[in-house]
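A short write-up of the structure that comes next.
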Number of protein chains: 2
Amino acid sequence: MPSRRARPRTGLTREKVIDAALAFVDEHGLAALSNRKLGAALGVEGMTLYYYVPSKAAMLDGMVERLLELSAGDLFAEPAGQWTDVVREFAVALRRMLLDHPAMLTVLATRPAATPAALALLERGITVLREDGVPLGDALDVLNAVVSFTLGHTLAEAGETPGHEGTEPDPGQFSTLDPATYPQLAEALGTGTGLDAEARFHRTLHILLAGFAAELDGAR
Amino acid sequence: MPSRRARPRTGLTREKVIDAALAFVDEHGLAALSNRKLGAALGVEGMTLYYYVPSKAAMLDGMVERLLELSAGDLFAEPAGQWTDVVREFAVALRRMLLDHPAMLTVLATRPAATPAALALLERGITVLREDGVPLGDALDVLNAVVSFTLGHTLAEAGETPGHEGTEPDPGQFSTLDPATYPQLAEALGTGTGLDAEARFHRTLHILLAGFAAELDGAR
DNA sequence: TATTGTTTTCTTACACCGCAAGAGATGTCA
DNA sequence: TGACATCTCTTGCGGTGTAAGAAAACAATA
């Protein structure tokens with residue numbers, strides 16, 4: 001009675017596993033990700049994945065890393081024009097990327113970002129800014145401000161709830177807002193004021209960049 | 001042979017359960033929170049908690065809600081002076097509160113914020129700004145910008161990793177940074193440039209508020 | 001070809017998790 | 001006392017991450 005183990009090789013790779021995990025959470029949400037289910041999607045037993053990725057934490061880190069690698073080209077297009085334009089386009093591209101992968105948004109916001117791909121991105125950003133005359137410390141402040149704001153804003157805009165993905169489409173979550181207890185919010189809702197997340201994002205981004213630029217020009 | 005069930009009443013309350021959960025994650029981290037362990041901390045079987053809180057998702061939502069309630073007083077002190085000062089103090093208090101409860105930072109960033117306490121806070125903020133002459137739409141933009149930035153910045157500053165809490169103190173995580181591959185970052189590290197998270201937070205916050213104020217003054 | 005050794009896959013097992021269902025003790029009130 | 005609502009516990013299910021190790025698939029060598 002042979003217990004028939006170990007099917008023929010599947011040609012798996014750490015990279016293939018992580019790419020499959022990215023595709024999996026894009027489709028099913030972060031909460032649905034498990035080694036057994038991901039293994040099934042790859043035609044393999046769950047424990048097999050441990051040969052390529054040593055733990056779930058490493059899996060998540062690898063997914064962040066890979067996502068940054070894959071997006072690096074979009075995030076920093078060829079620097080053209082003022083540093084403010086470069087940074088603005090970076091922020092816009094970052095936001096778009098996060099909205100395209102809402103499940104990864106949570107992971108990205110939650111894991112410390114000192115991975116090679118993240119550091120490389122930061123390094124490149126600093127270089128661009130310095131080449132345009134921005135001092136090192138200011139370059140760090142600008143990039144930190146823009147990334148923090150973009151991440152925070154996109155989280156509020158599209159933040160999925162781990163474990164809740166897809167359970168609450170909740171389209172009119174604000175439509176049932178009592179005007180007596182929340183008069184201001186009810187008014188905003190009624191008049192449609194301030195509901196355009198994208199416009200708000202661009203406005204604040206502009207203020208942020210213009211503010212830094214003014215400070216730097218004043219110091220020069 | 002009586003199977004000896006149901007100990008005498010413990011005087012538990014939904015509020016007590018949630019407060020205990022807040023204390024638990026403050027001490028042990030978010031990943032350690034489970035009904036069985038929280039029950040043990042309260043001298044009760046794990047399943048008992050389901051009588052007070054219907055699910056883990058409801059537990060997390062309740063914790064956010066309660067934290068906001070408890071902090072509401074600190075977050076909006078009596079409005080004194082310009083709206084910019086009020087908002088600045090709000091942001092500083094919010095950051096301090098988040099740093100005091102790093103485990104809740106992840107939860108707060110991750111859950112949609114349309115709960116009564118959050119809405120009440122927002123409502124109050126809008127009111128303060130409008131009383132100082134800020135139009136509704138701009139008030140929403142200002143508050144959204146400040147909250148997004150504060151949350152994003154604090155996440156990057158102190159973001160705990162769910163499941164990793166306390167496993168990596170990692171004090172010198174940047175100390176082993178290769179100057180060949182990351183010359184800019186190595187320089188920043190070597191000269192100590194831009195490592196003060198608090199100073200950076202205040203600087204960006206100032207730019208943000210001054211930028212909005214300038215826009216509003218210009219429009220008046 | 002036969003044998004050895006490495007790489008890959010699978011099986012089994014464990015402790016833990018959230019939660020559904022329901023039993024039974026505790027306390028309250030007529 | 002009895003009836004009733006409130007509270008706590010027990011049991012059980014399917015899921016998770018992962019430790020340990022057996023066994024099949026392949027590569028290389030004798």
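Here is how names work: the chains are called A, B, and so on, in the same order as the sequence lines, proteins then strands, and each is numbered from 1.
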Next item on the list: For dG17(D), take OP1 and OP2 only and decide whether either is under 4.0 Å from a side-chain N or O of Ser55(A).
Entry: no
Check: At under 4.0 Å, does any side-chain N or O of Lys37(A) touch on OP1 or OP2 of dT16(D)?
Finding: yes
Check: What's the verdict on side chain to side chain contact (heavy atoms under 4.5 Å, CB included) for Met63(A) and Arg111(A), showing C-alpha distance, side-chain angles and the deciding distance?
Finding: CA-CA 11 Å; Met63(A) 291 165 74; Arg111(A) 309 227 132 214; over 6 Å; no
Next item on the list: Classify the nucleic acid contact of Leu33(A) as base, sugar-phosphate or nothing, counting any heavy atom under 4.0 Å across all strands shown.
Entry: sugar-phosphate
Note to self: Below 4.0 angstrom, which residues in residues 39-47 of chain A have at least one non-hydrogen atom near DNA chain C?
What the structure shows: Val44(A), Glu45(A), Met47(A)
Check: When you measure from the side chain of Asn35(B), which nucleotide among dG18(C), dT16(D), dT8(C) comes out closest?
Finding: dG18(C)
Below 3.5 Å is the cut-off: list the nitrogen or oxygen pairs between protein and nucleotides 4-7 of chain C, distance only.
from, atom 1, to, atom 2, distance (Å)
dT7(C), O2, Arg9(A), NH2, 2.7

Next item on the list: Assess whether side chain to side chain contact (heavy atoms under 4.5 Å, CB included) is satisfied between Leu122(A) and Leu143(A), documenting all intermediate values.
Entry: CA-CA 8 Å; Leu122(A) 182 57; Leu143(A) 291 173; 3.9 Å; yes
Notebook entry, point to check: Thr48(B) or Arg36(A): which one's nearest nucleotide on DNA chain D is closer to the 5' end?
Noted result: Thr48(B)
Residues 96-104 of chain A, side-chain donor-acceptor partners within the protein, below 3.5 Å, at least two apart:
from, atom 1, to, atom 2, distance (Å)
His101(A), ND1, Asp26(A), OD1, 3.1
His101(A), ND1, Asp26(A), OD2, 2.8

Can you tell me how far [atom2] of [N] sits from [atom1] of [X], to the nearest Å?
X        : N       : atom1 : atom2 : answer
Leu60(B) : dC17(C) : CG    : P     : 14 Å
Lys56(B) : dA20(C) : NZ    : C1'   : 18 Å
Leu38(A) : dT18(D) : CG    : C1'   : 15 Å
Met59(A) : dG17(D) : CE    : P     : 11 Å
Tyr50(A) : dT12(C) : OH    : P     : 19 Å

Next item on the list: With sequence neighbours left out, write down each residue that passes side-chain hydrogen bond (donor to acceptor under 3.5 Å, both in side chains) with Glu45(B), or none if nothing qualifies.
Entry: none
Check: Got a sec, which residues hit side-chain hydrogen bond (donor to acceptor under 3.5 Å, both in side chains) with Asp19(A), two or more places apart in sequence or on another chain?
Finding: Arg66(A)
Next item on the list: Just say parallel, tilted or perpendicular for the rings of Phe201(A) and His153(A), cut-offs at 30° and 60°.
Entry: tilted
Notebook entry, point to check: Aromatic rings Phe76(A) and Phe90(A): how do their planes relate, parallel, tilted or perpendicular, breaks at 30° and 60°?
Noted result: parallel
Next item on the list: May I ask you to test the Leu195(B)-Leu189(B) pair for a side-chain heavy-atom distance under 4.5 Å?
Entry: yes
Cut-off 3.5 Å, no hydrogens considered: what does the side-chain donor-acceptor table look like for residues 29-38 of chain B, sequence neighbours left out?
from, atom 1, to, atom 2, distance (Å)
Ser34(B), OG, Lys37(B), N, 3.2
Asn35(B), ND2, Tyr50(B), OH, 3.1
Lys37(B), NZ, Ala32(B), O, 3.2

